[in-house]
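Here the structure is a predicted model, which is why all the values come from computation and not from measurement.
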Amino acid sequence: ITLTGVDVSDYEPGINWSLVAGSGRKFAFVKATEGITVNDKQFQINWRVGRAFLSMGAYHFFRANDTGDAQAAHYLSVVGKLSVKDLPPVFDMEIEGLTGTDPATCILHAMAWLKAVEAATGRIPIIYTNDEAMNYLGNPQQFNRYPLYVANIEAKCPSVPPPWPNWVFWQTTWTEKVPGISEPCDADLFNGSVAQLKAFIANGTLPF
(Lines give C-alpha, C1' and ligand atoms only; values in the text may rest on other atoms or scores of the structure.)
Protein backbone atom coordinates (compact mmCIF):
# COMPACT_ATOMS: atom_id res chain seq x y z
CA ILE A 1 0.00 0.00 0.00
CA THR A 2 1.25 3.47 -0.87
CA LEU A 3 -0.24 6.98 -0.72
CA THR A 4 0.35 9.74 -3.27
CA GLY A 5 1.54 13.26 -2.56
CA VAL A 6 3.38 16.22 -4.07
CA ASP A 7 6.26 18.51 -3.24
CA VAL A 8 6.32 22.08 -4.45
CA SER A 9 8.10 25.42 -4.24
CA ASP A 10 7.68 28.84 -5.78
CA TYR A 11 8.22 27.22 -9.18
CA GLU A 12 4.53 26.26 -8.86
CA PRO A 13 2.65 29.47 -7.95
CA GLY A 14 -1.09 29.81 -7.36
CA ILE A 15 -1.82 26.27 -6.22
CA ASN A 16 -5.46 25.32 -5.61
CA TRP A 17 -5.03 23.01 -2.65
CA SER A 18 -8.66 21.95 -2.62
CA LEU A 19 -8.23 20.49 -6.12
CA VAL A 20 -4.93 18.84 -5.15
CA ALA A 21 -6.63 17.09 -2.23
CA GLY A 22 -9.63 16.25 -4.39
CA SER A 23 -7.33 14.43 -6.81
CA GLY A 24 -6.55 11.90 -4.09
CA ARG A 25 -3.26 13.26 -2.83
CA LYS A 26 -2.87 12.74 0.90
CA PHE A 27 0.20 14.82 1.74
CA ALA A 28 2.46 17.58 0.45
CA PHE A 29 5.91 18.94 1.12
CA VAL A 30 6.42 22.68 0.54
CA LYS A 31 9.69 24.56 0.41
CA ALA A 32 10.18 27.00 3.26
CA THR A 33 13.81 28.08 3.32
CA GLU A 34 17.29 27.63 1.84
CA GLY A 35 20.62 28.35 3.49
CA ILE A 36 20.44 31.32 5.85
CA THR A 37 18.87 33.99 3.61
CA VAL A 38 16.41 32.47 1.13
CA ASN A 39 12.68 32.26 1.87
CA ASP A 40 10.43 30.54 -0.65
CA LYS A 41 8.06 33.15 -2.08
CA GLN A 42 5.04 30.83 -2.02
CA PHE A 43 5.67 29.24 1.37
CA GLN A 44 3.41 31.34 3.57
CA ILE A 45 0.33 30.96 1.40
CA ASN A 46 1.02 27.27 0.69
CA TRP A 47 1.49 26.59 4.40
CA ARG A 48 -1.55 28.55 5.51
CA VAL A 49 -3.97 27.25 2.90
CA GLY A 50 -2.63 23.78 2.18
CA ARG A 51 -2.77 22.56 5.78
CA ALA A 52 -6.55 22.83 5.68
CA PHE A 53 -6.65 20.11 3.02
CA LEU A 54 -3.60 17.85 3.38
CA SER A 55 -0.96 16.62 5.80
CA MET A 56 1.90 18.99 5.08
CA GLY A 57 5.59 19.21 5.80
CA ALA A 58 7.91 22.21 5.35
CA TYR A 59 11.34 21.63 3.89
CA HIS A 60 14.70 23.38 4.14
CA PHE A 61 17.28 23.22 1.33
CA PHE A 62 20.65 22.67 3.02
CA ARG A 63 23.66 24.75 2.00
CA ALA A 64 26.64 23.08 3.64
CA ASN A 65 28.82 26.19 3.58
CA ASP A 66 26.56 27.80 6.21
CA THR A 67 26.43 26.51 9.79
CA GLY A 68 23.65 24.14 10.72
CA ASP A 69 22.63 26.21 13.74
CA ALA A 70 22.20 29.36 11.65
CA GLN A 71 20.19 27.49 9.02
CA ALA A 72 18.02 25.89 11.70
CA ALA A 73 17.30 29.30 13.25
CA HIS A 74 16.32 30.63 9.83
CA TYR A 75 14.02 27.68 9.13
CA LEU A 76 12.34 27.78 12.54
CA SER A 77 11.74 31.53 12.33
CA VAL A 78 9.93 31.13 9.01
CA VAL A 79 7.93 27.95 9.69
CA GLY A 80 6.84 28.75 13.22
CA LYS A 81 5.10 26.31 15.52
CA LEU A 82 4.06 22.95 14.08
CA SER A 83 0.61 21.53 14.73
CA VAL A 84 -0.09 17.93 15.70
CA LYS A 85 -1.38 17.35 12.15
CA ASP A 86 1.80 18.49 10.40
CA LEU A 87 4.44 16.17 9.00
CA PRO A 88 7.87 16.44 10.62
CA PRO A 89 10.35 19.04 9.34
CA VAL A 90 12.20 18.02 6.18
CA PHE A 91 15.94 18.45 5.60
CA ASP A 92 16.70 18.58 1.86
CA MET A 93 20.28 17.37 1.39
CA GLU A 94 21.30 17.33 -2.28
CA ILE A 95 24.68 17.23 -4.00
CA GLU A 96 24.13 20.79 -5.25
CA GLY A 97 24.18 22.03 -1.66
CA LEU A 98 27.17 19.90 -0.63
CA THR A 99 29.81 20.28 -3.34
CA GLY A 100 32.50 22.79 -2.50
CA THR A 101 32.37 21.86 1.20
CA ASP A 102 34.35 18.91 2.54
CA PRO A 103 32.26 15.91 3.68
CA ALA A 104 33.22 16.21 7.36
CA THR A 105 32.03 19.81 7.49
CA CYS A 106 28.86 18.91 5.61
CA ILE A 107 28.07 16.21 8.16
CA LEU A 108 28.87 18.51 11.10
CA HIS A 109 26.55 21.24 9.81
CA ALA A 110 23.82 18.77 8.83
CA MET A 111 23.78 17.14 12.26
CA ALA A 112 23.65 20.56 13.93
CA TRP A 113 20.52 21.44 11.90
CA LEU A 114 18.86 18.11 12.59
CA LYS A 115 19.51 18.30 16.34
CA ALA A 116 18.48 21.95 16.65
CA VAL A 117 15.22 21.49 14.74
CA GLU A 118 14.35 18.32 16.65
CA ALA A 119 15.00 20.10 19.95
CA ALA A 120 12.84 23.05 18.96
CA THR A 121 9.92 21.09 17.48
CA GLY A 122 9.96 17.82 19.40
CA ARG A 123 9.82 16.00 16.02
CA ILE A 124 12.50 13.84 14.41
CA PRO A 125 13.18 15.48 11.02
CA ILE A 126 12.91 13.63 7.72
CA ILE A 127 15.98 13.59 5.44
CA TYR A 128 15.40 14.05 1.70
CA THR A 129 18.44 12.79 -0.21
CA ASN A 130 19.71 10.29 -2.76
CA ASP A 131 22.63 7.98 -3.58
CA GLU A 132 24.74 10.76 -5.10
CA ALA A 133 24.65 12.99 -2.02
CA MET A 134 25.11 10.14 0.42
CA ASN A 135 28.04 8.69 -1.53
CA TYR A 136 29.72 12.10 -1.41
CA LEU A 137 29.36 12.08 2.38
CA GLY A 138 30.51 8.47 2.77
CA ASN A 139 27.07 7.19 3.89
CA PRO A 140 27.46 8.28 7.54
CA GLN A 141 25.75 5.99 10.02
CA GLN A 142 24.43 8.77 12.25
CA PHE A 143 21.74 9.73 9.72
CA ASN A 144 19.93 6.40 10.12
CA ARG A 145 17.66 7.60 12.94
CA TYR A 146 16.04 10.13 10.60
CA PRO A 147 13.28 8.80 8.30
CA LEU A 148 14.33 8.62 4.66
CA TYR A 149 12.61 10.55 1.87
CA VAL A 150 14.51 9.27 -1.16
CA ALA A 151 14.78 10.98 -4.53
CA ASN A 152 14.93 8.35 -7.26
CA ILE A 153 13.23 9.56 -10.42
CA GLU A 154 11.48 7.25 -12.90
CA ALA A 155 12.74 4.10 -11.17
CA LYS A 156 10.65 0.95 -10.85
CA CYS A 157 11.90 0.51 -7.30
CA PRO A 158 13.76 3.17 -5.31
CA SER A 159 17.46 2.83 -4.60
CA VAL A 160 17.83 3.15 -0.81
CA PRO A 161 21.26 4.51 0.16
CA PRO A 162 23.05 3.25 3.27
CA PRO A 163 22.62 3.54 6.21
CA TRP A 164 18.83 3.26 5.78
CA PRO A 165 17.04 -0.10 5.58
CA ASN A 166 13.97 1.28 3.81
CA TRP A 167 12.27 4.41 2.54
CA VAL A 168 9.34 6.26 4.14
CA PHE A 169 8.75 8.72 1.28
CA TRP A 170 9.89 8.39 -2.34
CA GLN A 171 10.05 11.17 -4.92
CA THR A 172 9.15 9.33 -8.12
CA THR A 173 8.98 12.04 -10.80
CA TRP A 174 9.49 15.75 -11.47
CA THR A 175 6.82 16.01 -14.16
CA GLU A 176 3.49 14.95 -12.62
CA LYS A 177 0.37 16.73 -13.84
CA VAL A 178 -1.80 17.35 -10.79
CA PRO A 179 -5.21 19.05 -10.69
CA GLY A 180 -4.87 22.45 -9.00
CA ILE A 181 -1.18 22.89 -9.97
CA SER A 182 -0.58 24.69 -13.25
CA GLU A 183 3.00 23.48 -13.78
CA PRO A 184 4.19 19.84 -13.88
CA CYS A 185 5.45 19.09 -10.39
CA ASP A 186 7.28 16.58 -8.24
CA ALA A 187 5.23 13.58 -7.13
CA ASP A 188 5.85 11.38 -4.11
CA LEU A 189 4.73 8.17 -2.46
CA PHE A 190 4.36 7.31 1.22
CA ASN A 191 5.31 3.72 2.00
CA GLY A 192 2.12 2.77 3.87
CA SER A 193 -1.58 3.27 4.48
CA VAL A 194 -3.60 6.24 5.71
CA ALA A 195 -3.55 4.78 9.23
CA GLN A 196 0.23 4.37 9.01
CA LEU A 197 0.65 7.96 7.80
CA LYS A 198 -1.40 9.16 10.77
CA ALA A 199 0.74 7.08 13.14
CA PHE A 200 3.93 8.44 11.60
CA ILE A 201 2.69 12.01 12.04
CA ALA A 202 1.45 11.38 15.59
CA ASN A 203 4.51 9.70 17.04
CA GLY A 204 7.09 8.95 14.35
CA THR A 205 6.13 5.29 13.99
CA LEU A 206 7.72 3.98 10.80
CA PRO A 207 5.38 2.16 8.40
CA PHE A 208 7.55 -0.96 8.17
Trainee: Could you check whether any side-chain N or O of Asp188 sits under 3.5 Å from a backbone N or O of Asp7, counting only pairs where one atom can act as donor and the other as acceptor?
Mentor: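 Between the backbone of Asp7 and the side chain of Asp188 there is a qualifying donor-acceptor contact (under 3.5 Å).
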
Trainee: Using 0.5 Å steps for rounding, measure from the NZ atom of Lys156 to the CG atom of Asn152.
Mentor: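 Result: 12.0 Å between the selected atoms.
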
Trainee: Should Lys31 and Glu12 count as an ion pair when the cut-off is N to O under 4.0 Å?
Mentor: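 Salt bridge: no.
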
Trainee: Tell me whether Asn130 contacts the main-chain N or O of Ala133 through its side chain, where contact means a donor paired with an acceptor under 3.5 Å.
Mentor: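 Confirmed, Asn130 side chain pairs with Ala133 backbone.
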
Trainee: Counting only N and O atoms by type, is there a donor-acceptor contact under 3.5 Å from the side chain of Trp170 to the main-chain atoms of Leu148?
Mentor: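 Flag not set: sc Trp170 to bb Leu148 has no pair under 3.5 Å.
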
Trainee: For the atom pair CG (Leu82) and CG (Leu76), what is the distance rounded to the nearest 0.5 Å?
Mentor: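 With rounding to 0.5 Å, CG (Leu82) is 8.5 Å from CG (Leu76).
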
Trainee: Under 3.5 Å, side chain of Asn139 to main-chain N/O of Pro162, donor-acceptor pair present?
Mentor: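 Pair found, side chain donor or acceptor close to backbone of Pro162.
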
Trainee: Honestly curious: do Val150 and Val168 fall in one hydrophobic cluster under the side-chain, below-4.5 Å linking rule?
Mentor: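 No, Val150 and Val168 fall in different hydrophobic clusters.
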
Trainee: Is Leu206 reachable from Val90 through a run of I, L, V, M, F, W or Y residues, each pair having side-chain heavy atoms under 4.5 Å apart?
Mentor: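 Hydrophobic grouping puts Val90 with Leu206.
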
Trainee: Return yes if some donor-acceptor pair links the side-chain N/O of Asp86 with the main-chain N/O of Ser83 below 3.5 Å, else return no.
Mentor: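 At least one qualifying donor-acceptor pair exists.
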
Trainee: Please evaluate residues Ser23 and Val178 with respect to the criterion side-chain contact (heavy atoms from CB on, under 4.5 Å), reporting the C-alpha separation (whole Å), side-chain torsions for both, the decisive distance (0.1 Å), and the verdict.
Mentor: CA-CA 7 Å; Ser23 74; Val178 177; 4.1 Å; yes

Trainee: Heavy-atom count around Ile45 CD1 within 6.0 Å, excluding the residue itself: above 12?
Mentor: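 No.
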
Trainee: Short question: side chain of Tyr75, backbone of Pro89 - any donor-acceptor pair under 3.5 Å?
Mentor: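 No, the answer is negative, given that no donor and acceptor are paired below the 3.5 Å cut-off.
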
Trainee: Please answer: with hydrophobic residues joined when any side-chain heavy atoms are less than 4.5 Å apart, are Val8 and Met56 in the same cluster?
Mentor: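 As far as the 4.5 Å side-chain criterion goes, Met56 and Val8 are connected within one cluster.
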
Trainee: Can Tyr59 be reached from Ile153 by stepping across I, L, V, M, F, W or Y side chains whose heavy atoms are under 4.5 Å apart?
Mentor: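 Different hydrophobic clusters.
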
Trainee: Nearest 0.5 Å, what's the CD-CZ distance between Gln196 and Phe190?
Mentor: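 These two atoms lie 6.0 Å from each other.
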
Trainee: Closest heavy-atom contact between Pro13 and Ser182?
Mentor: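 So the minimum-distance heavy-atom pair works out to O-OG, 4.1 Å.
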
Trainee: Could you tell me if the side chain of Val6 sits less than 4.5 Å from the side chain of Asp186, heavy atoms only?
Mentor: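 No. Closest side-chain heavy atoms not under 4.5 Å.
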
Trainee: Is there a side-chain contact between Ile201 and Arg123 in this structure, where contact means two heavy atoms from C-beta onward sitting under 4.5 Å apart?
Mentor: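 Yes, close enough: below the 4.5 Å cut-off.
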
Trainee: Measure the shortest side-chain to side-chain distance between Val38 and Phe61 over non-hydrogen atoms and say whether it is less than 4.5 angstrom.
Mentor: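 With C-beta onward as the side chain, the pair stays apart.
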
Trainee: Flag the pair Lys177 / Glu183 as yes when at least one side-chain heavy-atom distance between them is below 4.5 Å, and no otherwise.
Mentor: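 No - every pair of side-chain heavy atoms lies 4.5 Å or more apart.
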
Trainee: Would Glu94 and Arg63 pass as an ion pair if we require N to O under 4.0 Å?
Mentor: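 Salt bridge: no.
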
Trainee: Distance-only, no hydrogens or angles: does the His60 side chain make a donor-acceptor pair with backbone N or O of Phe91 under 3.5 Å?
Mentor: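 Not at all, since once roles are kept as given, no pair shorter than 3.5 Å links the two residues.
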
Trainee: Look at Glu176 together with Arg25 and state whether they make a salt bridge at an N to O cut-off of under 4.0 Å.
Mentor: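 Arg25 and Glu176: salt-bridged.
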
Trainee: Report yes if the side chains of Trp17 and Val20 come closer than 4.5 Å at any heavy-atom pair, otherwise no.
Mentor: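 They are in side-chain contact.
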
Trainee: On a heavy-atom basis, which atom in Leu189 and which in Trp167 lie closest, and how many Å separate them?
Mentor: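 Heavy-atom minimum between the residues: O-CZ3, 3.6 Å.
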
Trainee: Is there a path of hydrophobic side-chain contacts, each under 4.5 Å between heavy atoms of I/L/V/M/F/W/Y residues, joining Trp113 to Met111?
Mentor: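 The answer is yes; both residues are in one hydrophobic cluster.
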
Trainee: Check whether Asp40 reaches the backbone of Asp10 with its side chain - one donor and one acceptor, N or O, closer than 3.5 Å.
Mentor: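 Flag set: sc Asp40 to bb Asp10 pair under 3.5 Å.
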
Trainee: Working to the nearest 0.5 angstrom, can you tell me the gap between Leu98 CG and Ile107 CD1?
Mentor: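 Those atoms lie 9.5 Å apart.
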
Trainee: For the pair Thr105 (side chain) and Thr101 (backbone), establish whether a donor and an acceptor sit closer than 3.5 Å, ignoring hydrogens and angles.
Mentor: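 Between the backbone of Thr101 and the side chain of Thr105 there is no qualifying donor-acceptor contact (under 3.5 Å).
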
Trainee: So do Tyr128 and Phe29 actually touch side chain to side chain, heavy atoms under 4.5 Å?
Mentor: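 Not touching, per the 4.5 Å side-chain cut-off.
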
Trainee: Could you report the tightest heavy-atom contact between Tyr136 and Cys106, atom names first, then the distance?
Mentor: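 Looking at all heavy atoms of both residues, the closest pair is CE2-SG, 4.2 Å.
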
Trainee: Between Gly14 and Gln42, what is the shortest heavy-atom contact and its length?
Mentor: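 Of all heavy-atom pairs spanning Gly14 and Gln42, the closest is N-OE1, 3.7 Å.
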
Trainee: Assess whether side-chain hydrogen bond (donor to acceptor under 3.5 Å, both in side chains) is satisfied between Asp131 and Ser159, documenting all intermediate values.
Mentor: CA-CA 7 Å; Asp131 285 322; Ser159 175; 2.5 Å; yes

Trainee: Which heavy-atom pair separates Pro125 from Pro147 by the least distance, and what is that distance?
Mentor: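 Looks like O-CD, 3.3 Å.
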
Trainee: Got a second to check how far Asp69's CG is from His74's NE2, nearest 0.5 Å?
Mentor: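 The NE2 atom of His74 is 14.5 Å from CG of Asp69, to the nearest 0.5 Å.
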
Trainee: Drop me the distance from Thr129's OG1 to Tyr146's OH, to the nearest 0.5 angstrom.
Mentor: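 Rounded to the nearest 0.5 Å, the OG1-OH separation comes to 14.0 Å.
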
Trainee: Could you go step by step and tell me if Thr173 and Glu154 meet the side-chain hydrogen bond (donor to acceptor under 3.5 Å, both in side chains) rule?
Mentor: CA-CA 6 Å; Thr173 181; Glu154 312 300 350; 2.9 Å; yes

Trainee: Begin from the C-alpha positions of Phe27 and Phe169 and carry the test ring-ring contact (aromatic ring centres under 6.0 Å, His included) through to its verdict.
Mentor: CA-CA 11 Å; Phe27 64 91; Phe169 294 92; 5.1 Å; yes

Trainee: Of all the heavy-atom pairs spanning Ala110 and Met93, show the shortest one and how long it is.
Mentor: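 Nearest heavy atoms, Ala110 then Met93: CB-SD, 4.3 Å.
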
Trainee: With a 4.5 Å cut-off on side-chain heavy atoms, are Ile127 and Tyr149 touching?
Mentor: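 A side-chain contact under 4.5 Å is absent here.
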
Trainee: Taking the side chain as every heavy atom from C-beta outward, state whether Phe62 and Asp66 have any pair of such atoms under 4.5 Å apart.
Mentor: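 With C-beta onward as the side chain, the pair stays apart.
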
